[in-house]
Amino acid sequence: MIIGKGEFAYKKVIEDFSNTSFIGILTYNISQKQDSILLQSLEKACQSNVETILITNIPKRFKKYYGDSYALAAKKTIDVYLKLLNPTLFGANMSTWFLFENHAKIIVTDNMAFWGSSNFSDESADNLECGTITTDKNAIDYLKNDLFPLLKEKSVPFYRHDFAKA
């Protein structure tokens, strides 16, 4: 179990990006900063031919939480996400999906997995966050081979067409 503040609770998994052929990320939100440490780590991994699946949500889109200003807040968030997650930045190795019911946080590589409270955002490093890191191959295989494909089926792709083939 990992509990941390002032660093990423899943730091060991990020460090494993250079030792893997697969990265799966399920997160409620991503950092909206252009110079995000996490997005830069992900971009570097993708440029090294690491197959990556990123499934995220789009916060601030519910009127019941944000009142009448929700449409403007959602539009700003969507515009930022489209810019930061543009497939041309990550190459053909990353597929990005939006799962609007998601609030879970999981990061998995070939070697380890994290699940817990931390979003895939730089801002999570400032919060008290907790989670679990495992190297159990059965858990990792389940996440990679069963959970992520299932979640992709329930998600909306960044592009309707396969960017890698295009």
Show, in sequence, the C-alpha distance, side-chain angles and deciding distance for Ile58 and Tyr81, and conclude whether the side chain to side chain contact (heavy atoms under 4.5 Å, CB included) test is met. CA-CA 8 Å; Ile58 299 177; Tyr81 275 34; 4.2 Å; yes
Atom pair [atom1]/[atom2] of [X] and [Y] - distance to nearest 0.5 Å:
X	Y	atom1	atom2	result
Asn127	Ser118	CG	OG	8.0 Å
Gln34	Leu84	CD	CG	5.5 Å
Leu26	Phe148	CG	CZ	5.5 Å
Leu99	Thr56	CG	OG1	9.5 Å
Asn111	Thr134	CG	OG1	11.5 Å
Asp146	Leu151	CG	CG	10.5 Å

Return the set of residues passing side chain to side chain contact (heavy atoms under 4.5 Å, CB included) with Glu123 (not counting sequence neighbours), or none when no residue passes. Ser31, Lys33, Ser121
Side chain to side chain contact (heavy atoms under 4.5 Å, CB included) partners of Ser117, counting only residues at least two apart: Glu129, Cys130
Between [Y] and [X], is there a side-chain heavy-atom distance shorter than 4.5 Å?
X	Y	value
Phe17	Thr109	yes
Phe98	Phe158	yes
Ile140	Leu143	no
Leu42	Ile23	yes
Leu147	Ile106	yes

Please report the shortest heavy-atom distance between [X] and [Y], naming the atom on each side.
X	Y	value
Phe90	Leu85	CE1-CA, 4.0 Å
Asn138	Asp136	N-OD1, 3.1 Å
Val108	Ala113	CG2-CB, 3.8 Å
Ala9	Ile133	O-CD1, 3.9 Å
Lys144	Asp110	NZ-OD1, 2.7 Å
Met94	Leu54	CE-CD2, 4.1 Å

Below 4.0 angstrom, N of the basic side chain to O of the carboxylate: do Lys5 and Asp126 qualify? no
Any carboxylate oxygen within less than 4.0 angstrom of a Lys/Arg side-chain nitrogen, looking at Lys75 and Asp79? yes
Just checking, is any N or O donor in the side chain of Thr52 or Asn93 under 3.5 Å from an acceptor N or O on the other one? no
Asn102 and Asn57 side chains, donor-acceptor separation under 3.5 Å: no
Determine whether Phe8 and Asp122 satisfy the following criterion, side chain to side chain contact (heavy atoms under 4.5 Å, CB included), listing intermediate values before the conclusion. CA-CA 8 Å; Phe8 302 117; Asp122 289 19; 4.1 Å; yes
Residues Val50, Thr20; criterion side chain to side chain contact (heavy atoms under 4.5 Å, CB included); working and verdict: CA-CA 7 Å; Val50 177; Thr20 190; 4.1 Å; yes
Hydrophobic cluster identity match, Ile3 and Tyr10, side-chain contacts under 4.5 Å: no
Keeping Ser36 on the side-chain end and Gln32 on the backbone end, is there a donor-acceptor pair under 3.5 Å? no
Quick one: does Asn86's side chain have a donor or acceptor within less than 3.5 Å of a partner on Leu82's backbone? no
I would like to know whether Ile14 and Phe120 meet side chain to side chain contact (heavy atoms under 4.5 Å, CB included); could you show each step before the answer? CA-CA 10 Å; Ile14 300 296; Phe120 197 73; 3.8 Å; yes
